[in-house]
Structures are given as C-alpha cells and as structure tokens.
Amino acid sequence: MKYNPSEIEKKWQRFWDEKRSFEPDEDKSRPKKYILSMFPYPSGRIHMGHVRNYAIGDAIARYWRKKGYNVLHPIGWDAFGMPAENAAIKNRIHPKKWTYENIEYMRKELASLGLSFSKEREFATCDPLYTKYEQAFFIDMWNRGLVYRKKGFLNWCPHDQTVLANEQVIDGCCWRCDTPIVQKEMYQYYIKITDYADELLNDLKKLENGWPNRVLTMQRNWIGKSVGLEFAFRLDEEGREKTGIEEFKVFTTRPDTICGVSYAAVAPEHPLVKAMLEKGLLDNSSQKRIEAMHRMPVRERNMAEKEGVPLGVYVLHPITGEKIPVWVANFVLMEYGSGAVMAVPAHDSRDYDFAKKYGLPIKPVIFPKEGGLPDDGAYTEEGIVKGCDGFDGLFSKEAIEAIIKWFEKNGLGKKVINFRLKDWGVSRQRYWGAPIPMVHCPKCGVVPEKRENLPVTLPEDVQITGEGNPLDHHPTWKYTKCPECGTDATRETDTLDTFVQSSWYFLRFTTPRRLWEKRAFTKEDTDYWMPVDQYIGGIEHAILHLLYARFFTKVFRDMGYVNLDEPFKRLLTQGMVLKDGAKMSKSKGNVVDPDALIKRYGADTARLFILFAAPPMQELEWNDNAVEGANRFLRKLFDRACKIEPCTTLPQILHSNLDKDEKEARKKVYEALKKSEDVYVERFTFNTLIAASMEALNALDRQQNVQVWQEGMWILLNLLEPIVPHICWDLSEKLFGRNNFGLIELREEVFEVETISMAVSVNGKPRAQIEVAPDAKKEDILELARSAVPKWIEGKTVLKEILVPGRLVNIVVK
RNA sequence: GCGGACGUGGUGGAAUUGGUAGACACGCCAGACUUAGGAUCUGGUGCCGCAAGGUGUGGAGGUUCAAGUCCUCUCGUCCGCACCA
C-alpha cells in the first residue's frame with residue numbers, strides 16, 4: 001500500500017471532528033494541562049510562523065492528552081486592529097466583513113494541519129460578546145481608579161486628521177500621505193500599570209524556571225526600576241523674582257556625585273521654560289532654538305547632537321550653596337523623573353559631552369580606588385568621594401546612603417524609586433476596536449456607560465477613508481443620554497488598544513461556551529485551568545503583550561476575579577522561520593506557502609519537517625530538500641508498517657533469545673521512548689526525538705524478527721503521534737486497534753548489554769577501542785586497555801591511568 | 001553605549017553532568033535495481049595525507065589525566081533597549 005497523506009489526513013480530521021476528540025472534559029477532578037499557542041491576527045492567510053507555533057503547541061497538547069490529562073488547547077482570533085482598516089481604505093471592504101472572512105479562511109487552513117484545538121471555545125476578540133466583558137472590566141478599573149484621562153502627546157497627521165502609531169511614522173512623515181507629522185496634545189485614557197510596577201518586577205522571580213532568561217531580562221529592563229535621591233533646586237533670588245518659580249525637582253541615582261554638579265539641565269517641555277517663554281524672558285535666538293528642540297519628536301532627539309540653551313537663571317546648590325547655571329538641554333526627557341537633572345560632567349558621559357561643547361566646568365569628586373581618572377570622558381564607575389564637605393573618604397555606596405540621609409534629615413529631599421515603565425495609553429482614534437464605554441456629559445463630566453447597556457457596539461454604516469475618526473464623524477452614533485442624569489451627552493469616540501483584548505483572552509478560554517452569555521469567566525474554571533501550563537509564541541511579544549497580560553491578571557486578582565498571580569507558568573519563545581537567511585516576506589519573494597506544502601506532501605510532512613529542522617527556540621532555515629527528506633521518512637514508516645502483522649497487545653519478548661541486531665533494534669526503540677519523556681515535558685527539542693525515532697526505524701530495518709517489529713512500531717507510533725498524528729492514528733488503527741496510545745513501560749533489560757565498547761586514549765588522544773563485560777574488574781579493563789595500545793606506551797613510563805566506567809580509559813605516559 | 005543570545009563539516013543540526021566531536025537528516029560521490037524517474041536500495045563522505053598518521057568545534061591564552069562544554073581576553077553575527085539622569 002502506498003502512503004496517501006491527503007486521504008489519511010481528511011479521514012482522521014473528520015473522525016476527530018465528529019467524535020469531538022479534543023474538547024476538554026468538564027470533570028475538574030482530573031489532572032489538567034492548559035497548552036496555549038498565542039492566538040493569531042486574522043491577516044488573511046497563515047504563514048510558516050503560524051505553522052511552527054501551532055505544530056509545537058499541538059505536539060505538547062497531544063502528548064499530555066495521551067498521558068491521560070484533561071487538556072485545554074484553544075484557538076481564537078486577535079481580531080481588532082489597523083490592518084482591517086487599511087484593507088477597508090484600499091479595497092473598499094468593511095473591516096468587519098474583511099475580518100470574519102479572513103477568519104473563515106484561516107480556520108480552514110489551520111484545520112488542514114490537523115491541530116487538536118478545543119474548537120468549541122473559539123472566539124474572535126471583535127465578537128460583541130467579548131467586547132461586552134472587556135468594557136465591563138474597563139469600567140471596573142475606572143471605578144477603582146486604575147483608569148484616568150490625561151493629556152498626552154501623539155503623532156498627528158494634519159492632512160489625514162488622524163493619529164498615527166509610532167510604526168506608521170516613517171522618517172517623521174505619515175506612511176500614507178507623506179505629510180510631516182506633528183506632536184499633538186490630546187486627551188487619552190491611561191491604565192495605571194505603574195501601580196503594579198514593583199510587583200511586575202518582583203514576580204519575574206517566580207517565572208525564573210519557566211521563562212527564557214532573555215525575556216525576563218527584557219521585562220526587567222523595560223520596567224527599569226531605579227532608586228535614587230529626589231531633591232529640589234531652589235532658584236536664586238533674582239531668578240525667583242524674574243520667573244515666579246521657586247524651585248524645581250531633580251532625580252539622581254548618583255547622589256554621591258552631587259558635589260560635582262556644574263549646571264542643571266531641564267527638558268524643553270519643562271514648566272520653567274514655559275514660564276520664561278510666556279514672560280518673554282528669553283531673547284529671540286534662544287526662543288527659536290528652544291522651539292526647534294521642542295518640535296523635534298522625542299524619538300528623534302536621541303539621534304541628534306546634544307544641544308542646549310542657557311536660560312540665564314541660577315539655582316543654589318543644596319550642599320555648597322554655590323550658584324549653578326540652568327540650561328535647557330535636548331537630551332533631558334520630560335517623561336522621565338521630573339524632566340530636570342543635576343548635571344555632573346565628570347561622572348556622566350552625557351553631561352560630559354554637553355559640558356565639553358559649551359565649555360562648562362568639569363569637577364571630579366569620585367576617584368577610583370586604584371589608578372586615575374580617564375584622560376577624556378567621564379568616570380562613571382563607583383569610587384571614593386573627594387571634594388565634598390562632610391562626605392569625603394566615603395565609598396560611592398556609603399556616600400549615596402549618607403547623602404540621602406543628609407537630605408532627609410534636613411528636609412531637602414528624599415529617597416525615591418523611579419520606573420522607566422509608563423502608564424499604558426489605551427486610546428486609539430480608530431474605528432476597528434472596542435469602543436471605550438464612557439460618556440461625556442456636560443453636567444457629570446466623564447462617566448461610565450450603564451452595565452446593562454453593554455456592549456457599546458460599533459456602528460456598521462461607516463465609510464473608512466483614513467481621514468479622521470469614523471466614530472466621531474458618524475452622524476448619530478455618538479449622541480446619547482448621560483447614564484447618570486439623563487442629559488444629552490456624547491459617547492467617547494476613542495477605541496481601545498488591541499493589546500487590551502489579548503491581555504485576558506486566555507481567561508476567556510477557560511469558560512465553556514454555554515456560560516458565555518452569562519459570564520466572562522468563572523473562578524471555578526480559572527481555578528482549575530489557570531495558569532497556562534505552557535505558552536508558546538514569538539519573541540516579538542516578549543515585552544508588551546506578556547507584560548500587559550501579567551498586569552491584567554494581577555488587577556483581576558485584586559478585583560477578586562481570579563486567584564492567581566501569574567498567568568503563564570512556562571513560556572516557550574519560538575524562533576523565526578527564514579528562507580535564504582531572511583525572514584519570509586512578500587517583498588523579498590521568499591515566501592513558502594503552507595497550503596501548497598500541505599497539498600504536495602501532507603500536513604504530517606509539514607509538521608515533521610518544521611519540528612525536525614531546528615530546536616523550537618532557534619531560527620529555522622527553510623530547505624525544500626529537507627522537506628523531501630521528512631516525507632521520505634514518513635513513506636518509509638508507512639511502508640514498513642504495512643508489512644507488519646496486526647496485534648492488539650504489546651508483544652512479550654524474551655530479550656535473551658534475540659540476536660545482536662534484534663537486541664540493538666529494541667534498544668534503539670526504547671531509547672527513543674525514554675527520550676520522549678524529556679522532550680515533551682522539559683526540553684521541547686523535538687528534533688532530537690525525531691532523530692532518535694529515525695535511528696530506531698533504521699535499526700528495526702536491520703532485523704526481521706516479527707515481534708520486535710510489532711513492538712517497535714507499537715512504540716514508535718505512540719511517541720510520534722503528537723508530531724505526525726494522522727499517519728500514526730491511521731497505522732495504529734490498522735495494526736493495533738489504537739491500543740498502543742496508552743502508557744508504555746520502559747523495559748530496562750533492553751539497555752543491558754553483554755559487552756561495552758570503550759575507548760582507550762593515551763595522553764588524551766583516542767587510540768583504540770576495547771570490548772569489555774559490563775561487570776569487568778577495573779584491573780582487567782586496564783590490563784586490556786594497555787594491551788590495546790602497545791605502540792603508544794612501549795618504552796614509556798605510565799604515570800596515571802584513569803577509568804571512566806562504561807566510557808573510556810585514559811593512560812598518561814611520559 | 002548598555003543588556004542578552006549565538007559562533008561545531010558543503011548545509012540544518014547532535015553531543016542533558018567536563019569523558020570516543022560530527023548522532024539524525026540534507027547535499028555530494030560510487031554502485032545496484034529499473035517501466036530511464038526528482039522512485040527505491042547498498043556503501044562512502046570533517047579537513048590534510050597513498051598510508052602510517054596529523055589536525056579539527058570563530059581566534060588567542062589558561063585550568064584539567066581529559067575542554068565544543070569551565071575561566072580570562074578577543075573577533076564576528078543576530079536580537080532587544082537606547083540620551084532613563
């Protein structure tokens with residue numbers, strides 16, 4: 001019989017569907033596994049990255065199911081977002097239609113891979129039923145003070161009258177109409193993720209054994225906790241009178257360098273600058289230069305050269321009382337700390353560059369324990385304080401403590417913890433998103449919509465042109481009554497960031513469909529299913545998605561909705577799929593289409609290749625020839641299986657009766673079985689398991705024992721099922737009535753051998769092989785070893801002999 | 001600049017605790033069979049060398065009886081963050 005993948009695959013996919021084989025059991029007494037591959041954006045067609053993602057997740061899910069676990073392995077669609085609007089502009093198709101059609105198509109594509117999804121829990125995040133709960137959560141957070149409105153700067157295209165995401169700004173211009181973008185200040189909704197900054201940082205410790213180190217590092221850097229001193233620079237008398245401003249705050253992580261301050265620097269957006277501009281205290285050229293700095297988007301400022309303008313006002317040094325000039329500097333960020341810094345050119349490279357450029361004094365106050373200060377550049381390491389009254393002789397760490405204490409004692413400053421992490425702006429001036437469920441009332445202000453009115457749904461009769469906000473432009477949609485007082489009011493026309501949807505979708509999956517109308521999820525279900533035991537996805541989500549999802553979990557916990565600190569116990573970040581050394585992309589023309597591949601070779605070949613070609617976390621280089629090789633293995637497996645006599649139980653073999661090749665075959669088979677535990681549970685290096693299975697099949701091929709063949713195939717089909725399910729179900733059905741899909745015990749006797757082959761090396765170089773009995777005495781082995789390498793030891797003195805049992809003998813001679 | 005990961009045959013990759021480097025596969029070479037095919041099977045294949053042997057995990061040192069694996073320095077590639085005070 002010939003291996004016919006398309007026939008087999010259709011047959012079993014239908015079988016699984018009809019039997020609802022992969023729906024989780026509602027019996028919560030069974031041990032569970034929640035295996036989740038990140039849900040896809042319905043862009044239109046699946047790509048190889050998806051195939052890889054879902055092949056990995058499916059293998060893990062199928063493994064645990066076969067082990068008797070209750071497995072939740074769901075799929076859904078991250079369905080809101082800009083591509084739908086872009087398609088609407090380009091092809092005049094409604095985003096909703098476009099999205100649901102794509103989902104329809106991609107669902108079929110994924111189905112053709114034979115993935116064991118819990119399909120009955122599938123949903124799209126643009127389903128109103130999902131939006132309903134998301135809006136309710138948003139209101140809960142608003143009521144708890146976790147959501148607030150604030151003016152923030154956004155990329156704004158004056159031509160299209162729209163807000164642009166950072167990635168839509170190309171060289172400072174709108175990606176669509178090429179108009180230079182401006183920074184526009186608008187009201188935005190923010191979620192207070194910073195309230196949880198410390199916990200999000202500390203709890204990374206709990207993930208150390210389950211998450212890749214680099215993801216943990218990336219999150220730590222992103223949160224960016226720094227501890228330091230906050231104090232105020234008081235303006236001198238003249239300055240206070242001129243500007244009407246008394247003082248401004250600065251933050252430093254290096255209070256030990258405070259006596260080296262030679263100027264203060266403030267951001268172009270700083271209130272002091274604003275006040276001075278308003279009062280006309282700056283000359284024309286200074287004004288112009290400050291305005292130019294201000295105009296430059298913050299992202300671009302870091303590329304530009306350091307620039308500054310002296311403000312002509314002075315502050316007083318809190319310790320020495322010296323007068324210190326204040327500068328505006330383009331490298332000071334308004335968003336971080338207080339938007340102002342104390343500048344210590346001797347010990348900070350940015351301050352140094354700036355001081356050099358403008359000829360400001362450089363005063364070293366920290367000296368290394370050994371050696372001197374650098375000739376050029378700042379000394380940014382720790383050292384001993386010199387030239388700072390009252391603190392001289394202290395080492396940096398002690399000086400930091402002492403100086404902070406001094407400030408606190410004198411009421412001049414305090415220890416402060418700063419985070420790089422900022423609150424999460426969730427407003428999007430777009431159509432295709434979840435409407436923010438708020439109402440603007442002239443009497444009551446901004447108030448949440450009533451719960452019974454949720455979801456606030458999108459109007460369908462809109463024209464998406466890319467200009468302006470369709471919700472705002474809609475003739476009637478935004479007009480409503482205030483939920484508090486009934487006055488005429490307007491709806492919020494902003495929609496939510498799509499990251500909000502992906503921050504809790506994994507909780508929604510725990511809810512059986514019959515409860516969807518009633519509840520977002522229940523504690524009963526989340527207590528049982530959560531946390532996700534294995535999460536699989538691309539490294540590109542290492543920071544934002546994973547951070548937001550962790551944050552939502554903690555907020556839900558504090559609102560009493562879940563009993564859970566961290567949502568994802570283990571995380572596997574898969575590598576990219578490359579072709580010709582580059583990421584597959586249409587523009588490069590190096591795309592391999594999964595559909596075509598499945599059509600030609602079948603889903604099992606696609607899955608086998610993708611898991612065989614590289615370990616999951618590594619990049620995978622596409623190779624058409626190697627795909628052919630994967631297919632060859634399956635054909636061979638099928639061919640050999642067809643020659644086997646069916647049986648319904650695992651044959652009992654008397655190992656000692658077998659010949660050498662038969663024993664070797666059994667050994668290889670059981671080695672693969674042994675390996676499978678480690679691979680499916682711990683390491684996920686499917687490539688090595690597949691290699692071990694190939695070795696086993698090759699070894700089986702070198703002998704003819706009927707029972708050894710039966711046993712070998714029984715085991716191989718069992719352990720390959722998670723990787724190539726269709727062929728394994730088909731052959732298992734024919735040969736073993738699928739009785740081989742249960743637990744298989746290891747047979748230790750197959751690992752026992754009559755002789756062990758050991759290497760003999762002389763001075764570390766391998767010179768000969770010897771065969772010894774497993775129970776041979778040390779002296780006998782050494783004797784044999786010496787006699788095996790006469791050429792290398794004759795006439796020399798044996799200094800030492802090292803025996804590594806079962807592996808080698810090393811003879812050291814001189 | 002800071003942080004991280006990775007460098008092993010012609011290629012993808014194995015080597016879990018320091019113990020015979022190159023498993024498995026692709027490619028290539030030779031052969032068999034053949035309805036002459038991009039099928040299947042057998043054998044070979046790190047490099048140099050006729051061989052004995054030498055040499056070999058980016059490079060240079062070091063620790064060790066023994067290093068792909070541990071340490072120091074260095075080069076390269078990729079990724080993340082990027083004036084974060």
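Proteins come first, then strands; the chains are lettered A, B, ... in the order of their sequence lines, and each starts at number 1.
- There is a side-chain donor-acceptor pair under 3.5 Å between A/Arg635 and A/Asn631.
- One finds a side-chain N or O of A/Ser226 lying less than 4.0 angstrom from the OP1 or OP2 phosphate oxygen of B/A85.
- Using Watson-Crick or G-U wobble geometry with both donor-acceptor distances under 3.5 Å, B/U17 finds no partner in any strand shown.
- Using a 4.0 Å heavy-atom cutoff across all strands shown, A/Arg635 reaches sugar-phosphate atoms only and no base atom.
- Distance A/Asp348 CG to B/A85 P: 9 Å, rounded to the nearest Å.
- At a threshold of 4.0 angstrom between heavy atoms, the contacts of A/Pro615 are confined to the sugar-phosphate backbone, with no base atom among them.
- Side-chain atoms of A/Trp222 lie closest to B/C81 of the nucleotides B/A23, B/A85, B/C81.
- Applying the 4.0 Å criterion to OP1 and OP2 of B/A14, one finds that A/Asn687 has a side-chain N or O inside that range.
- Heavy-atom nearest nucleotides on RNA chain B were determined for A/Thr217 and for A/Met334, and the one closer to the 5' end corresponds to A/Thr217.
- Between the side chains of A/Tyr358 and A/Glu307, no donor N or O sits under 3.5 Å from an acceptor N or O.
- Classification of the A/Phe233-A/Phe231 ring pair by plane angle, with boundaries at 30° and 60°, yields perpendicular.
- Remark: A/Asn698 is in phosphate contact with B/A25, judged by side-chain N or O atoms under 4.0 Å from OP1 or OP2.
- Using a 3.5 Å distance cut-off with no hydrogens or angles, the side chains of A/Gln574 and A/Asn53 do pair a donor with an acceptor.
- When the C1' atom is used for both B/U17 and B/U69, the distance is 11 Å, rounded to whole Å.
- Distance check on atom P: B/C6 versus B/G13 gives 13 Å, rounded to whole Å.
- In this structure, A/Phe638 and A/Tyr3 have tilted ring planes: the angle between them lies in the 30° to 60° band.
- Remark: A/Gln618 is not in phosphate contact with B/C6, judged by side-chain N or O atoms under 4.0 Å from OP1 or OP2.
- Listed pair A/Lys765 / B/A66 fails the phosphate criterion, with no side-chain N or O lying under 4.0 Å from OP1 or OP2.
- Comment: A/Lys674 does not engage A/Glu677 in a salt bridge, judged by the lack of any side-chain N to carboxylate O separation of less than 4.0 angstrom.
- With rounding to the nearest 0.5 angstrom, the SG atom of A/Cys259 is 10.0 Å from the NE2 atom of A/His347.
- Look at CG on A/Leu578: it is 17 Å from P on B/U77, rounded to the nearest Å.
- Of the residues in residues 802-814 of chain A, those with a non-hydrogen atom less than 4.0 angstrom from any atom of RNA chain B are A/Ile802, A/Val804, A/Arg807, A/Leu808, A/Asn810, A/Val812.
- The side chain of A/Thr253 sits closest to B/A85 out of B/G4, B/A85, B/G13.
- Contact annotation for A/Trp622: no contact, since no heavy-atom pair falls under 4.0 Å across all strands.
- Computed from coordinates, the A/Asp639 CG to B/A39 P distance equals 16 Å when rounded to whole Å.
- Contact between the side-chain N/O atoms of A/Arg767 and the OP1/OP2 oxygens of B/A52 is not found at any separation under 4.0 Å.
- Look at the P atom in both B/U20 and B/G10: the space between them is 23 Å, to the nearest Å.
- Counting only N and O atoms by type, the side chains of A/Ser396 and A/Glu382 include no donor and acceptor under 3.5 Å apart.
- At a threshold of 4.0 angstrom between heavy atoms, the contacts of A/Glu801 with the nucleic acid are absent.
- Ring-plane geometry between A/Tyr63 and A/Tyr680 is classed as parallel, the angle between the planes falling under 30 degrees on a 0 to 90 degree scale with a further cut at 60.
- In this structure, B/G9 shows a glycosidic angle within 90 degrees of zero, which is the syn conformation.
- Of the nucleotides present, B/C41 is the one that pairs with B/G31 by Watson-Crick or G-U wobble criteria, both distances under 3.5 Å.
- When distances run from any side-chain atom of A/Lys791 to the nucleotides B/G53, B/G80, B/A85, the shortest one goes to B/G53.
- Here A/Lys2 does not reach the OP1 or OP2 of B/A39: none of its side-chain N or O atoms lies under 4.0 Å away.
- Out of B/G3, B/U20, B/G13, the shortest distance to the side chain of A/Ala759 is found at B/U20.
- At a threshold of 4.0 angstrom between heavy atoms, the contacts of A/Ser757 include nucleobase atoms, whether or not backbone atoms are also involved.
- Residues A/Lys357 and A/Asp353 are not paired through a salt bridge, judged by the lack of any N-O separation under 4.0 Å between the basic side chain and the carboxylate.
- Taking atom P in both B/A15 and B/A51, one finds a spacing of 32 Å when rounded to whole Å.
- Distance check on atom P: B/C79 versus B/U42 gives 43 Å, rounded to whole Å.
- Checked by distance alone, A/Gln769 brings a side-chain donor or acceptor within 3.5 Å of a matching partner on the base of B/U20.
- In this structure, B/G46 forms a base pair with B/U55, meeting either the Watson-Crick or the G-U wobble geometry with both donor-acceptor distances under 3.5 Å.
- Along RNA chain B, the nucleotide nearest to A/Tyr336 and the one nearest to A/Ile543 differ in position, and the one closer to the 5' end is contacted by A/Ile543.
- Counting any heavy atom pair closer than 4.0 Å across all strands shown, A/Arg220 reaches no nucleic acid atom.
- At a threshold of 4.0 angstrom between heavy atoms, the contacts of A/Phe419 with the nucleic acid are absent.
- Across all strands shown, A/Gly224 has no heavy atoms under 4.0 Å from either base or sugar-phosphate atoms.
- One atom, CD of A/Glu619, and another, P of B/G7, lie 12 Å apart when rounded to the nearest Å.
- In this structure, the nucleotide among B/G12, B/C26, B/A82 sitting nearest to the side chain of A/Arg632 is B/C26.
- Taking atom C1' in both B/U8 and B/G1, one finds a spacing of 32 Å when rounded to whole Å.
- For the P atom pair drawn from B/A21 and B/A82, the interatomic distance equals 46 Å after rounding to whole Å.
- Using a 4.0 Å heavy-atom cutoff across all strands shown, A/Val332 reaches at least one base atom of the nucleic acid.
- For the residue pair A/Tyr336 / A/Ser226, a side-chain donor-acceptor distance below 3.5 Å is found, with atom types taken as modelled.
- Which of B/A23, B/A14, B/C84 sits closest to the side chain of A/Arg350 comes down to B/C84.
- When Watson-Crick and G-U wobble pairs are counted only if both distances are under 3.5 Å, B/C70 pairs with B/G62.
- Rounded to a whole Å, the CZ atom of A/Arg683 is 15 Å from the P atom of B/G13.
- Residues A/Tyr601 and A/Glu628 have side chains that bring a donor and an acceptor to within less than 3.5 angstrom of each other.
- Spacing between atom NZ of A/Lys356 and atom C1' of B/C83 amounts to 19 Å, rounded to whole angstrom units.
- Comparing the C1' positions of B/G46 and B/A14 gives a spacing of 15 Å, expressed to the nearest Å.
- Phosphate contact (OP1/OP2 of B/G27, side-chain N/O of A/Asn625, threshold under 4.0 Å): present.
- Using the Watson-Crick or G-U wobble rule with both distances under 3.5 Å, B/G7 pairs with B/C75.
- Considering only side-chain N and O atoms, A/Arg420 lies nowhere under 4.0 angstrom from the phosphate OP1 or OP2 of B/A85.
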